[in-house]
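Reviewing the structure listed below.
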Amino acid sequence: MNSFGNKMRITVFGASHEDYVGLTVAGFPAGVALDQDLIEKRLRQRRGLMHLTSKRFEKDEWRFISGIFRGKTTGAPLTVLVKNSDRRSEDYEEIRGLARPSHADYTQHVRFGGHEDYRGGGIASGRSTVTYVILGAIAEHLLREKGIFASSRMKSVHGIEDEAIPDIVDLERLREEDFPVLSKREEMLRLIEETGKRGDSLGGVVETWIVGLPAGLGNPLFGSVEAQLSRLVFGIPGAKGIEFGAGFGITKLFGSQANDQMQYEEGLLRHLSNHSGGINGGITNGSAVNFRVAYKPTPTIALPQRTVDFIKKENKVASFAGRHDAIFAIKALHVQNALANFAALDLIL
Ligand SMILES: Cc1cc2nc3c(=O)[nH]c(=O)nc-3n(C[C@H](O)[C@H](O)[C@H](O)COP(=O)(O)O)c2cc1C
């Protein structure tokens, strides 16, 4: 349940209120020099709008404890630890048994027979996703020499849609931003701030492009590029839907509109549109791999809601004035982008 991969295999461990969260990646190529600045930069982007989101301020101190020798990867499993320093575990002792609606408190309690680490959602917390960001950054080391990169934008926050369509120049710029949006940045930020102040929360859609992948990668059926990306994406807590290319909207097109027509241009095969999201028959077709993920509103909110105490077996009305993200999707964006980089590297290996 906490491992995934084909050519490389990742294993994630640690929980929100344990000393560390961590990740091991086996099969990562040897001889790659670690770019600490890039790792720091990607972590900073994930922390980006923290003042608008959570009051839990983590410094994300990280260190590799295996698989690096003299600053380069050795080919042995790489293990990274990230310290959890800003914990207030006592907050969770007071509410033991009180289920946060739509969080995993109740389901984990049932699944693990009461032995679950309930502090901050335990293994269901978004905290572990910090390790995916480091994974994505080290994958970028190898991708950049092949001209491959992933870039993501906030496609929508609640009802506000980023309408503009990015081109390749925008995508290269967007991947360096903390809050990558083309047309509706200010409106989105205003809504996030207002909603957080009211004690409520928001969801959003994050769109990713993987640019530069050649045609012919991936497998049919269960090994499809869609299947692999989906499994990775559902390793991000709070992801509720994924669609590729034109997605569910493709059902509203005629075949003559939906088909990505093709032609040779100076000897190179080109698709004239990308409704397929760069994938046909589970295999890359040479267009950018394009997908969108729906993240739900942060479940822990400060407004009163009906819930239960599953230990005392009582009905309750509870609000949770903790240190929670008004919208975690804006952090998940950098996590999703990092996993896209990892998936791209796994494919080209
Ligand atoms: C980066 C990140 C940060 C998150 N922060 C919070 C948070 O502060 N409070 C909260 O209730 N949920 C947060 N979540 C969402 C929960 O972890 C998630 O909704 C919960 O585990 C239930 O899983 P599910 O929504 O996939 O069913 C966060 C998720 C991510 C990816």
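Each ligand, and each atom within it, is numbered from 1 in the order the structure gives. The shown structure was predicted, so the numbers you read here are calculated from the model rather than taken from an experiment.
- Close approach of ligand 1 to Ile236 is summarised as follows: ligand atoms under 4.0 Å from at least one heavy atom of the residue are 31 (C).
- Side-chain atoms of Gln336 and Ser152 include no donor-acceptor pair closer than 3.5 Å.
- Between Ala124 and ligand 1, at least one N/O pair is under 3.5 Å apart.
- Residue Thr129 approaches ligand 1 through these ligand atoms, each under 4.0 Å from one of its heavy atoms: 1 (C).
- With hydrogens and angles left out, the side-chain atoms of Gln45 and Arg42 include a donor and acceptor closer than 3.5 Å.
- With a 4.0 Å cut-off on non-hydrogen atoms, Thr300 touches ligand 1 through its backbone as well as its side chain.
- For the residue pair Ser201 and Thr298, no side-chain donor N or O sits within less than 3.5 Å of a side-chain acceptor on the partner.
- Looking at Ile301, Val130, Asp325, it is Asp325 that brings a heavy atom closest to atom 5 (N) of ligand 1.
- Using the six-membered ring where Trp is involved, Tyr106 and Phe310 have ring planes that are tilted, between 30° and 60° apart.
- For the pair Gly238 and ligand 1, the shortest N or O to N or O distance falls below 3.5 Å.
- Near Pro299, with a cut-off below 4.0 Å to any heavy atom, the atoms of ligand 1 are 10 (C), 11 (O), 12 (N), 19 (O).
- Using modelled atom types, one finds no donor on one side chain facing an acceptor on the other under 3.5 Å when comparing Asn84 with Glu18.
- For Phe69, the side chain to side chain contact (heavy atoms under 4.5 Å, CB included) criterion is met by Thr74, not counting sequence neighbours.
- With 3.5 Å as the limit, one finds a donor-acceptor pair spanning the side chains of Ser183 and Asp162.
- Listed by number with element, the atoms of ligand 1 under 4.0 Å from a non-hydrogen atom of Lys240 are 25 (O), 27 (O).
- Between Thr298 and ligand 1, not a single N/O pair is under 3.5 Å apart.
- Residue Phe179 holds its CZ atom at 9.0 Å from NE2 of His334, rounded to the nearest 0.5 Å.
- Contact annotation for Arg127 and ligand 1: no heavy atom of the residue comes within less than 4.0 Å of the ligand.
- The shortest N/O to N/O separation between Lys296 and ligand 1 falls below 3.5 Å.
- When only interatomic distances are considered, the shortest N/O to N/O separation between Ser125 and ligand 1 does not fall below 3.5 Å.
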